[in-house]
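The structure appears below as structure tokens.
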There are 2 protein chains.
Amino acid sequence: MPPGKKVNYPVACPVYRAQRIIAGKWKICLLCLMNSGTKRFSDLYRNMSGITQAMLTKQLRELEEDGMISRYVYPEVPPKVEYSLTELGRSFIPIIQELSRWGSCHLPAADDEVVMPCCNLKKE
Amino acid sequence: MPPGKKVNYPVACPVYRAQRIIAGKWKICLLCLMNSGTKRFSDLYRNMSGITQAMLTKQLRELEEDGMISRYVYPEVPPKVEYSLTELGRSFIPIIQELSRWGSCHLPAADDEVVMPCCNLKKE
DNA sequence: CAGCATCCCAGAGGATACTG
DNA sequence: CAGTATCCTCTGGGATGCTG
């Protein structure tokens, strides 16, 4: 290997920035669910088994901070909050589909295999 | 949202299987380095600032278990070990490049930005 | 040179209870 | 309904030292 530049701790690299955004345990899942349209908190909660409300809130906040989703609060009682993908969020869906395709082609499937909703859209 | 099936804890899903494989802090970095050809342990170690030998060994073992890289030990003293991408490993490089492109286009770059070697190859 | 063995820690993830 | 607020657990990642 030529002298070249050392690869620094890769946090600042674009690939790693991208990876970090979807690193959360439920992030991809959420993006996939929202890909089919705007969703209420309760919609998401009811359709993800295993997640707690606290965790769901946290993951949603993080996705929002990263600009992947937007949050709209209706001024009502009881509260109503809707989440939807932003442009940025939508632009990431194809990569999720790539990952899914790669995973399906190259790796052994488990018995309890479940395919993310959005990944069934463009399965060639 | 229609009743449909609940999305189970997404560990068994192809996307998540794929994600887990490259989830390690140094995995993508290693794949990128090896993309330019076979590398010795010391090559990798010297070119990644911040990693410890213990950690490097661990990450390499995991990539090997996942079939992403292969390991060849020369029967010599002192030891000489070479690592290289497998077919599977090579097939993942394009996705890394996608991630990099997405990260570069859509996200603010840091000052100390470093781009993974392999990500400069196919930057359109 | 290319590891393995130990010990350690921060933070991601989770359980549970409460509320405007 | 859509959240906070606390507290707890587990594991990915790291530091350090030793060796065939």
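Predicted, not measured: the structure shown is a model, and the values here were computed from it. Per chain, numbering begins at 1; letters A, B, ... match sequence-line order.
- Atom CG in L56(A) sits roughly 11 Å away from atom P in dT4(D) (whole-Å rounding).
- Of the two residues near DNA chain C, I51(A) and Q53(B), the one whose nearest nucleotide lies more 5' is Q53(B).
- With rounding to whole Å, E82(A) atom CD is found 13 Å from dC1(D) atom C1'.
- The shortest side-chain heavy-atom distance between I69(B) and L31(B) falls under the 4.5 Å cut-off.
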Given side chain to side chain contact (heavy atoms under 4.5 Å, CB included), test W26(A) with L60(A) step by step and report yes or no.
CA-CA 9 Å; W26(A) 307 91; L60(A) 286 169; over 6 Å; no
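- For the pair K39(A) and Y83(A), the cation-pi test (distance below 6.0 Å, angle within 45°) is failed.
- For the pair R17(B) and R20(B), the minimum side-chain heavy-atom distance is 4.5 Å or more.
- Residue Y83(A) places none of its side-chain N or O atoms closer than 4.0 Å to OP1 or OP2 of dC1(D).
- What separates CG of L60(A) from P of dT4(D) is a distance of 11 Å, to the nearest Å.
- If you measure from atom NZ of K58(B) to atom P of dT11(D), you get 11 Å, rounded to the nearest angstrom.
- For S42(A), a side-chain nitrogen or oxygen approaches OP1 or OP2 of dA2(D) to under 4.0 Å.
- Atom OH in Y74(B) sits about 25 Å away from atom P in dG20(D), given to the nearest Å.
- The CZ atom of R20(A) sits 16 Å away from the P atom of dG12(D) (whole-angstrom rounding).
- Each of V81(B) and T52(A) lies near DNA chain C, and the nucleotide nearest V81(B) is the one positioned closer to the 5' end.
- Using a 4.0 Å cut-off, some side-chain N or O of R40(B) falls inside it from OP1 or OP2 of dA2(C).
- Per the geometry, OH belonging to Y45(A) stands 11 Å off P belonging to dC1(D), to the nearest Å.
- Side-chain N/O atoms of R61(B) include one lying less than 4.0 angstrom from OP1 or OP2 on dG3(C).
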Table of protein N/O atoms under 3.5 Å from nucleotides 5-10 of chain C N/O atoms:
none

inquiry  = Between I95(A) and I22(A), is the side chain to side chain contact (heavy atoms under 4.5 Å, CB included) condition met? List the steps.
reply    = CA-CA 11 Å; I95(A) 298 190; I22(A) 53 149; over 6 Å; no
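- Along DNA chain D, the nucleotide nearest M55(B) and the nucleotide nearest T57(A) are compared for position; the residue whose nucleotide lies closer to the 5' end is T57(A).
- Contact annotation: R46(B) does not reach the phosphate of dC1(C) (side-chain N/O to OP1 or OP2, under 4.0 Å).
- Neither OP1 nor OP2 of dA12(C) sits under 4.0 Å from any side-chain N or O of Q59(A).
- If you take CD of Q19(A) and P of dG12(D), they are 14 Å apart, rounded to a whole angstrom.
- Ring geometry, W102(A) versus H106(A): the interplanar angle falls from 30° to 60°, so the pair is classed tilted.
- Using a 4.5 Å cut-off on side-chain heavy atoms (C-beta onward), T86(B) and E64(B) make no contact.
- Distances shown here put every side-chain N or O of Y72(B) at or beyond 4.0 Å from the OP1 or OP2 atom of dA2(C).
- The salt bridge (charged side-chain N to carboxylate O under 4.0 Å, His left out) test with E62(B) singles out one residue from K25(B), R71(B), K27(B), and that residue is K27(B).
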